[in-house]
Enquirer: 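Pasting a structure below so you can have a look.
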Amino acid sequence: MAFYIARQASKVWRRICGEVALEIPLLAQKWKLLLAGLLFQYIHGLAARGVHYLHRPGPVLQDAGFFLLPELGPDKAYISETVFTFIFFSFFLWTFHPFVSQSKKIYTVLIWCRVLAFLVVSTAASQILRIITFYSTQLPGSNYHCREGSKLARLPLPDNALEVLLINFPRGVIYGCGDLIFSSHMIFTLVFVLTYQKYGTTRWVKQFSWLVAVIQSLLIVASRKHYTVDVVVAWYTVSLVVFFVDKKLTELPDRSPGPTSIPLLPLSAKSEDGKNKEEHKKLLNGIPHTQ
């Protein structure tokens, strides 16, 4: 038994080392894109913090979702956050499965470049649109800490720029107000689900992920963290953005095993052109094409 465990551990370690050797060159090529994506997440957080200074609490707006869904209450607000944490870490772990799994379809670096493109270009459409939207009209917050009478509903003017730049993380993120249309939690959830829908391989996981996304939507409204419109707008905006952005991005190389699978490291356009020209010359000279 101990021998079997040691043998399997050795195989996993070799896979990890081999995958690291493949991913490092990709990371060296794509690190600027990854850094830009992460930087924009900070900018988005900064914008959300800024709108909190403009927030003015008022009566909660009439909402169909509030009428249809029972209120969970402030003591059960953790339920939607727990579901979101499950979604986030499940997707995060899946993107690293090539390091330990023998069956693999994606490159970790490339899939995160694509996800951040959805969140940045999608943020150029999803999160940037979100920033423009919640700065255009400040709705009275629906969450409990954003209502009239709460000390957290309004922020005093900052004493210095550093107070704004640090965004009071993580408290400032958890207890933010004013950044309503549309739900940031649903942006991340839908981007993750749509990405797995295209690059995942397990059918039941795809179906389950859509179910969890719907449950997450209902929990956000039931927790009164967002109005129903915030969730509805997120569903169609993110879906359309991902659809159009995906059409513009270069398709990821498929690592699935098979006779038509491409080389482990994707060829550049220049290399492919050179290879095609070389094969064309061979055909003109009567040299048979060999694989």
Enquirer: Taking it one step at a time, do Trp210 and Leu190 satisfy side chain to side chain contact (heavy atoms under 4.5 Å, CB included)?
Expert: CA-CA 9 Å; Trp210 284 114; Leu190 291 170; 4.3 Å; yes
Enquirer: Measure across Pro140 and Gly58 and return the closest heavy-atom pair with its distance rounded to 0.1 Å.
Expert: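 Scanning both residues completely, I find the closest heavy atoms to be CB-N, 3.6 Å.
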Enquirer: Do Thr228 and Asp63 get their side chains close enough for a donor-acceptor pair, meaning under 3.5 Å?
Expert: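 Judged by distance alone, the side chains do pair up.
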Enquirer: Who pairs with Asp179 by salt bridge (charged side-chain N to carboxylate O under 4.0 Å, His left out), at least two apart in sequence or on another chain?
Expert: Arg130
Enquirer: With a 4.5 Å cut-off on side-chain heavy atoms, are Phe91 and Thr195 touching?
Expert: yes
Enquirer: Examine distances only and state if a side-chain atom of His44 and a backbone atom of Ser184 form a donor-acceptor pair shorter than 3.5 Å.
Expert: no
Enquirer: Run the side-chain hydrogen bond (donor to acceptor under 3.5 Å, both in side chains) test against Trp31 and tell me which residues pass, sequence neighbours left out.
Expert: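 With neighbours one apart ignored, the set is empty.
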Enquirer: With hydrophobic residues grouped by side-chain heavy-atom distances under 4.5 Å, do Leu68 and Phe66 end up in a single group?
Expert: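 In one cluster with Leu68: Phe66, no.
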Enquirer: Run the side chain to side chain contact (heavy atoms under 4.5 Å, CB included) check on Leu155 and Arg49 step by step: do they pass?
Expert: CA-CA 10 Å; Leu155 288 181; Arg49 177 68 172 175; 3.6 Å; yes
Enquirer: If only atom types and distance count, is the side chain of His226 paired as donor or acceptor with the main-chain N or O of Leu180 below 3.5 Å?
Expert: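 Pair found, side chain donor or acceptor close to backbone of Leu180.
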Enquirer: Is Phe89 reachable from Trp94 through a run of hydrophobic residues whose side-chain heavy atoms are each under 4.5 Å from the next?
Expert: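 Linked, Trp94 and Phe89 end up in one cluster.
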Enquirer: Determine, step by step, whether Tyr227 and Val221 satisfy the side chain to side chain contact (heavy atoms under 4.5 Å, CB included) criterion, reporting the C-alpha distance in whole Å, the side-chain angles of both residues, the deciding distance to 0.1 Å, and the verdict.
Expert: CA-CA 6 Å; Tyr227 293 107; Val221 177; over 6 Å; no
Enquirer: So which atom in Leu152 and which in His52 form the shortest heavy-atom distance, rounded to 0.1 Å?
Expert: O-NE2, 2.9 Å
Enquirer: When you group the ILVMFWY residues by side-chain heavy-atom contacts below 4.5 Å and let the links chain together, are Ile79 and Met186 in the same group?
Expert: yes
Enquirer: Atom CZ in Phe86, atom CD1 in Ile215: separation rounded to 0.5 Å?
Expert: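 Going from CZ on Phe86 over to CD1 on Ile215, the span is 10.0 Å.
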Enquirer: State the OG1-CZ distance between Thr237 and Phe182, to the nearest 0.5 angstrom.
Expert: 4.5 Å
Enquirer: Would you compute the distance between atom CG of Leu139 and atom SG of Cys177 and round it to the nearest 0.5 angstrom?
Expert: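 If we round to the nearest 0.5 Å, Leu139:CG and Cys177:SG are 12.5 Å apart.
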Enquirer: Could you state whether Leu219 and Phe67 fall into the same hydrophobic cluster, counting links through intermediate Ile, Leu, Val, Met, Phe, Trp or Tyr residues with side-chain heavy atoms under 4.5 angstrom apart?
Expert: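 No, it is not one cluster - the side chains of Leu219 and Phe67 are not joined through contacts under 4.5 Å.
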Enquirer: Check for a donor-acceptor pair, side chain of Lys225 on one end and backbone N or O of Ile220 on the other, with a separation under 3.5 Å.
Expert: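 No: the side chain of Lys225 does not pair with the backbone of Ile220.
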Enquirer: Tell me which pairs pass side chain to side chain donor-acceptor pair (under 3.5 Å) where either residue lies in residues 140-161, with sequence neighbours left out.
Expert: Glu71-Tyr144
Enquirer: List the atom of Asp75, the atom of Leu72, and the distance in Å for their closest heavy-atom pair.
Expert: OD1-O, 3.8 Å
Enquirer: So does Lys76 have more than 12 non-hydrogen atoms from other groups sitting under 6.0 Å from NZ?
Expert: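 Counting other residues, nucleotides and ligands, NZ of Lys76 stays at 12 neighbours or fewer.
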Enquirer: Using atom types as modelled and distance alone, determine if a side-chain donor or acceptor of Thr137 lies under 3.5 Å from a backbone N or O of Thr133.
Expert: no
Enquirer: Is there side-chain contact between Phe188 and Val191, with at least one heavy-atom pair below 4.5 Å?
Expert: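 The answer is no; the side chains never approach within 4.5 Å.
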Enquirer: Give a yes or no on this: more than 12 heavy atoms of other residues, nucleotides or ligands lie within 6.0 Å of atom OH of Tyr135.
Expert: yes
Enquirer: Is Leu157 linked to Leu165 within one hydrophobic cluster, defined over Ile, Leu, Val, Met, Phe, Trp and Tyr using a side-chain heavy-atom separation of less than 4.5 Å?
Expert: no
Enquirer: With rounding to the nearest 0.5 angstrom, report the CZ to CZ distance, Phe92 to Phe96.
Expert: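 The CZ atom of Phe96 is 4.0 Å from CZ of Phe92, to the nearest 0.5 Å.
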Enquirer: Checking side chain to side chain contact (heavy atoms under 4.5 Å, CB included) for the pair Phe134/Ile131: CA distance, chi angles, key distance, verdict?
Expert: CA-CA 6 Å; Phe134 64 60; Ile131 292 169; 4.0 Å; yes
Enquirer: Restricting to non-hydrogen atoms, name the atom on Ser223 and the atom on Ser80 that form the minimum distance, rounded to 0.1 Å.
Expert: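 Of all heavy-atom pairs spanning Ser223 and Ser80, the closest is OG-OG, 3.8 Å.
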Enquirer: What closest approach, in Å, do Pro70 and Ala222 show between heavy atoms, and which atom pair accounts for it?
Expert: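 Looking at all heavy atoms of both residues, the shortest contact is O-CB, 3.6 Å.
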Enquirer: May I ask you to decide if Gln138's main-chain N or O and His55's side chain share a donor-acceptor pair within less than 3.5 Å?
Expert: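 Pair absent, no side-chain N/O of His55 close to backbone of Gln138.
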Enquirer: Is a side-chain donor or acceptor of Ser239 paired with a backbone partner of Tyr236 at a separation under 3.5 angstrom?
Expert: no
Enquirer: Does any non-hydrogen side-chain atom of Trp235 lie less than 4.5 Å from one of Val214?
Expert: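 Yes, their side chains come closer than 4.5 Å.
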Enquirer: Which distance, rounded to the nearest 0.5 Å, do you find between the NZ of Lys206 and the NZ of Lys198?
Expert: 11.0 Å
Enquirer: Please report the interatomic distance CD(Gln216) to CG(Leu211), rounded to the nearest 0.5 Å.
Expert: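 Rounded to the nearest 0.5 Å, the CD-CG separation comes to 12.0 Å.
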Enquirer: Short question: side chain of Tyr196, backbone of Ser209 - any donor-acceptor pair under 3.5 Å?
Expert: no
Enquirer: On a heavy-atom basis, which atom in Ala234 and which in Ser183 lie closest, and how many Å separate them?
Expert: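 Heavy atoms only, the tightest pair is CB-O, 4.1 Å.
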